[in-house]
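Have a look at the structure below before the remarks.
Convention: sequence-line order gives letters A, B, ...; per-chain numbering from 1.
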2 protein chains.
Amino acid sequence: MNFDAITITDIARELHLSISTVSKALRDSYEISETTKKRVLEYAQEHNYRPNPMAQSLKKGHSKSIGIVVSNIDNQFFSQVINGMESEAYSQGYNVIITQSHESYDLEVQNVNHLTHRAIDGLLISLSTETNSVEHLKKLQKQGLPIVFFDRVSSEIETHKVIVDNFKGAYQATMHLINCGYRHIAHITSSAITSVTSERLSGYKQALNDGGIKINEQYIKYCPHGGMDLNEIEQAVDELLALKTKPDAILTAWDRITTSTLALLHKRKVQIPQDIALLGFTNTLLADVLNPSLSAVQQPAFEIGRKATEMLLSIINSKRPVTEFETVVLPTELFIRSSTDKTYKPDQ
Amino acid sequence: MNFDAITITDIARELHLSISTVSKALRDSYEISETTKKRVLEYAQEHNYRPNPMAQSLKKGHSKSIGIVVSNIDNQFFSQVINGMESEAYSQGYNVIITQSHESYDLEVQNVNHLTHRAIDGLLISLSTETNSVEHLKKLQKQGLPIVFFDRVSSEIETHKVIVDNFKGAYQATMHLINCGYRHIAHITSSAITSVTSERLSGYKQALNDGGIKINEQYIKYCPHGGMDLNEIEQAVDELLALKTKPDAILTAWDRITTSTLALLHKRKVQIPQDIALLGFTNTLLADVLNPSLSAVQQPAFEIGRKATEMLLSIINSKRPVTEFETVVLPTELFIRSSTDKTYKPDQ
DNA sequence: ACTTTAAATGTAAACGATATGAAAAAGGTA
DNA sequence: TACCTTTTTCATATCGTTTACATTTAAAGT
């Protein structure tokens with residue numbers, strides 16, 4: 001706002017009042033007479049006065065904005081999460097500043113620094129797949145910056161967290177595949193260090209166990225870059241297809257991996273679900289109109305974002321330091337469509 | 001940053017120097033001796049000193065952040081645009097603050113106010129479909145706020161603009177349909193007041209003319225809310241399907257409208273392209289794996305965002321007031337897939 | 001020894017708002 | 001009229017920086 005805007009000083013000068021009188025009148029203080037208040041308010045209105053937020057922030061010691069770090073905004077899941085965050089933040093008079101880590105640890109650190117440079121009152125973060133040290137966040141937390149994790153959390157930092165029941169989501173999905181009659185179920189997932197990955201992996205394994213199916217490590221493929229690197233997924237898919245006993249179903253654990261796997265199977269002329277069934281975690285709105293319509297584990301993305309923000313703002317607005325932290329676990333939802341349908345006929 | 005951070009004053013006190021000496025040392029001024037500089041720099045480093053951005057902004061009169069207003073972040077086109085903006089802004093040391101109008105005029109005004117409240121150095125905006133008065137922006141521009149339009153622009157404000165060749169994009173798309181042998185080509189588009197809509201509509205009409213096809217106003221449907229309101233699209237589709245001579249092809253003009261139309265046709269068991277061909281403007285990454293794979297007009301979204309930001313920053317950083325404005329027109333790209341293929345067999 | 005000059009550091013006034021405490025004005029009571 | 005309240009207004013310090021200007025100190029020149 002380097003453009004000429006009217007300040008409190010201008011009003012004081014014009015109205016032959018002191019700066020403090022104007023300031024108080026503007027905030028409707030009881031100390032100021034009704035007459036003066038009216039004069040000031042009218043003048044302010046007329047000249048479109050807006051308090052300078054930088055001055056206010058400096059004086060008050062907070063910026064009324066919160067920082068967000070996600071891996072990629074260009075991803076249905078995260079953009080829905082951000083929607084929820086924005087909604088909650090705005091309703092409480094806060095701005096959000098969004099940054100992307102693009103699944104890179106270095107970028108994550110850089111973004112976090114950039115954000116704290118730029119005066120945020122709190123941080124909402126989903127870790128990048130590369131991240132296995134959270135020292136950069138620990139330091140900030142120690143300095144007093146409120147942090148709330150969502151989606152991909154760290155167990156090394158004690159704070160509020162919002163996640164989904166990844167174990168159950170993956171368990172239900174795998175169990176659905178088993179119930180449909182699939183026996184060779186592969187799993188393509190992301191970096192092994194990410195919380196989300198290991199929880200979903202456990203759910204997958206447990207379901208296989210409970211279904212009396214032996215776990216085959218060859219059926220589990222890791223894509224360390226979480227779907228950002230198409231080559232990784234391509235290699236994973238090709239390795240699965242090259243196996244003597246090819247899988248008859250694939251459970252993909254991440255949004256990007258799911259849609260990429262679908263595209264790759266297409267390109268290789270693999271019939272879904274006749275040759276291989278596909279079921280994946282994804283929040284795409286297009287699951288219904290994909291070819292074939294895609295069975296999916298969907299996350300309550302908007303609610304994740306909203307809840308995480310609510311928790312962050314509760315820390316920010318808390319009078320006393322917060323020492324009791326909570327981890328909110330939201331349920332996933334399984335949508336069954338054609339891509340896991342044994343009786344599927346391509347021509348509808 | 002209301003958490004206890006070290007300030008320039010702390011450093012000065014500890015090192016028995018004046019505040020200005022420290023300030024100058026930190027910015028490597030020639031006035032300060034190498035010895036002092038080194039002492040200050042080392043101390044600052046060690047104690048992890050960060051200049052308070054609010055104080056700097058207040059003093060320097062700018063915030064190093066730019067505001068963005070889009071209709072919806074949860075939309076491939078816009079998230080790609082924002083990616084481009086973020087990329088350019090960050091490389092020049094600027095932050096972006098993103099807000100969504102959700103296609104509502106009131107929300108747009110509110111966001112713009114909120115943003116200027118919160119100290120931005122410039123504004124990047126794509127108008128909401130509802131917006132037909134830009135007085136709120138004119139006022140800000142008059143006050144000196146640099147504004148750059150992208151995508152949905154207003155002819156009533158003179159400033160830099162980044163758009164795509166909407167006319168040509170729609171013309172090529174329609175021509176492609178004509179060349180494929182379609183003769184009853186419908187057009188579902190958004191609010192008639194939006195620049196994008198009218199340009200694409202003209203392209204559509206011109207192509208029909210050039211192809212010797214009479215324009216049938218019954219084939220042109222408007223969805224004022226630009227795809228946010230599914231009912232509108234549903235009604236448009238149903239009206240088209242109820243016509244005595246149903247269209248044999250549909251050109252959809254907006255990302256959301258395209259994917260929604262696809263879903264609606266699916267639900268109504270309309271075979272694409274056998275019953276009706278579909279071609280639309282969309283930037284979804286999933287066009288290849290939709291059912292059927294979707295012919296699409298794609299926009300260079302990242303480049304739109306990057307370029308718009310570059311132009312905005314050039315205004316912001318310009319020494320003299322900018323009076324010469326430029327409108328950059330980028331090309332669209334037509335991808336031909338199965339949804340417009342007369343010879344299409346569902347089973348690949 | 002005394003002035004000149006350059007180098008290094010310091011003082012203080014901004015930026016725009018808020019808040020504390022004091023002063024002025026108005027009203028009330030004896 | 002003098003004195004005390006109460007109401008209303010103002011002067012000023014503050015937040016953390018930046019910066020124009022002033023001062024100090026030391027070295028150099030005459």
Side-chain angles (χ1 to χ4, degrees), chain A residues 1-41 43-44 47-64 93 116-121 143-144, chain B residues 1-41 43-44 47-64 93 116-121 143-144:
Chain A
M1 207 135 76
N2 60 347
F3 50 100
D4 28 274
I6 182 177
T7 76
I8 218 170
T9 318
D10 298 328
I11 303 183
R13 184 170 11 80
E14 284 313 305
L15 261 41
H16 302 289
L17 288 169
S18 79
I19 296 177
S20 58
T21 305
V22 175
S23 172
K24 284 175 185 167
L26 251 15
R27 272 166 309 111
D28 200 28
S29 161
Y30 68 98
E31 298 175 89
I32 305 299
S33 71
E34 289 306 321
T35 348
T36 335
K37 271 187 203 169
K38 211 171 141 230
R39 282 213 304 148
V40 171
L41 253 25
Y43 188 94
H47 293 75
N48 196 27
Y49 167 79
R50 298 287 182 204
N52 179 319
M54 295 175 289
Q56 277 182 319
S57 295
L58 177 59
K59 182 67 198 175
K60 299 213 195 125
H62 59 240
S63 63
K64 286 271 183 182
T116 48
H117 271 208
R118 298 222 55 77
I120 53 168
D121 296 343
Q143 282 181 75
Chain B
M1 210 135 74
N2 61 345
F3 51 100
D4 26 276
I6 182 178
T7 76
I8 218 171
T9 318
D10 299 327
I11 302 182
R13 183 169 14 78
E14 285 312 307
L15 262 39
H16 302 290
L17 287 169
S18 80
I19 296 177
S20 65
T21 305
V22 175
S23 172
K24 288 173 188 167
L26 250 18
R27 273 168 310 105
D28 200 28
S29 160
Y30 69 97
E31 298 176 90
I32 306 300
S33 71
E34 290 305 320
T35 347
T36 321
K37 272 186 201 168
K38 213 174 137 222
R39 283 212 306 147
V40 172
L41 253 25
Y43 188 94
H47 293 74
N48 197 28
Y49 166 78
R50 299 286 181 204
N52 179 319
M54 294 172 292
Q56 277 182 322
S57 295
L58 177 58
K59 184 65 198 179
K60 300 216 196 118
H62 60 240
S63 63
K64 285 269 181 182
T116 48
H117 272 206
R118 297 224 55 76
I120 53 167
D121 297 343
Q143 281 180 76

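Over its length, the helix from C/dA1-D/dT30 to C/dA30-D/dT1 turns its helix axis by 70°, as judged from the five terminal pairs at each end, rounded to 10°.
With sequence neighbours excluded, the residues satisfying side-chain hydrogen bond (donor to acceptor under 3.5 Å, both in side chains) with A/Arg27 are A/Ser23. Checked against salt bridge (Lys or Arg N to Asp or Glu O under 4.0 Å), A/Glu31 has the following partners two or more places apart in sequence or in another chain: A/Lys24. Residues passing the side-chain hydrogen bond (donor to acceptor under 3.5 Å, both in side chains) test with B/Ser18 are B/Ser20, B/Thr21, sequence neighbours excluded. With sequence neighbours excluded, the residues forming a ring-ring contact (aromatic ring centres under 6.0 Å, His included) with A/Tyr43 are A/His47, listed by chain and number. For B/Thr7, the side chain to side chain contact (heavy atoms under 4.5 Å, CB included) partners at least two apart in sequence or on another chain are B/Thr9, B/Asp10. In this view, B/Asn48 and A/Lys139, A/Gln143, B/Arg50 satisfy the side chain to side chain contact (heavy atoms under 4.5 Å, CB included) rule, not counting sequence neighbours. Taking the side chain to side chain contact (heavy atoms under 4.5 Å, CB included) definition, one finds that B/Lys59 meets it with nothing, sequence neighbours left out.
Across B/Thr36, B/Leu17, B/Ile32, a single residue satisfies side-chain contact (heavy atoms from CB on, under 4.5 Å) together with B/Val22, and that is B/Leu17.
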| request: Evaluate the side chain to side chain contact (heavy atoms under 4.5 Å, CB included) criterion for residues A/Ser63 and B/Met54: first the C-alpha distance (whole Å), next the side-chain angles of each, then the deciding distance (0.1 Å), finally the verdict. | output: CA-CA 8 Å; A/Ser63 63; B/Met54 294 172 292; 3.9 Å; yes
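A donor-acceptor pair under 3.5 Å is formed between the side chain of A/Lys37 and the backbone N or O of A/Ser29.
One finds a side-chain N or O of B/Ser23 lying less than 4.0 angstrom from the OP1 or OP2 phosphate oxygen of D/dT18.
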| said: Protein within reach of the bases, or only the backbone? For nucleotides 8-16 of chain D, mark each nucleotide 5' to 3' as B, S or -, using heavy atoms under 4.0 Å. | reply: BBBB--BBB
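When DNA chain C is scanned 5' to 3' for any atom under 4.0 Å from a heavy atom of chain A, the first and last hits are C/dG16 to C/dG21.
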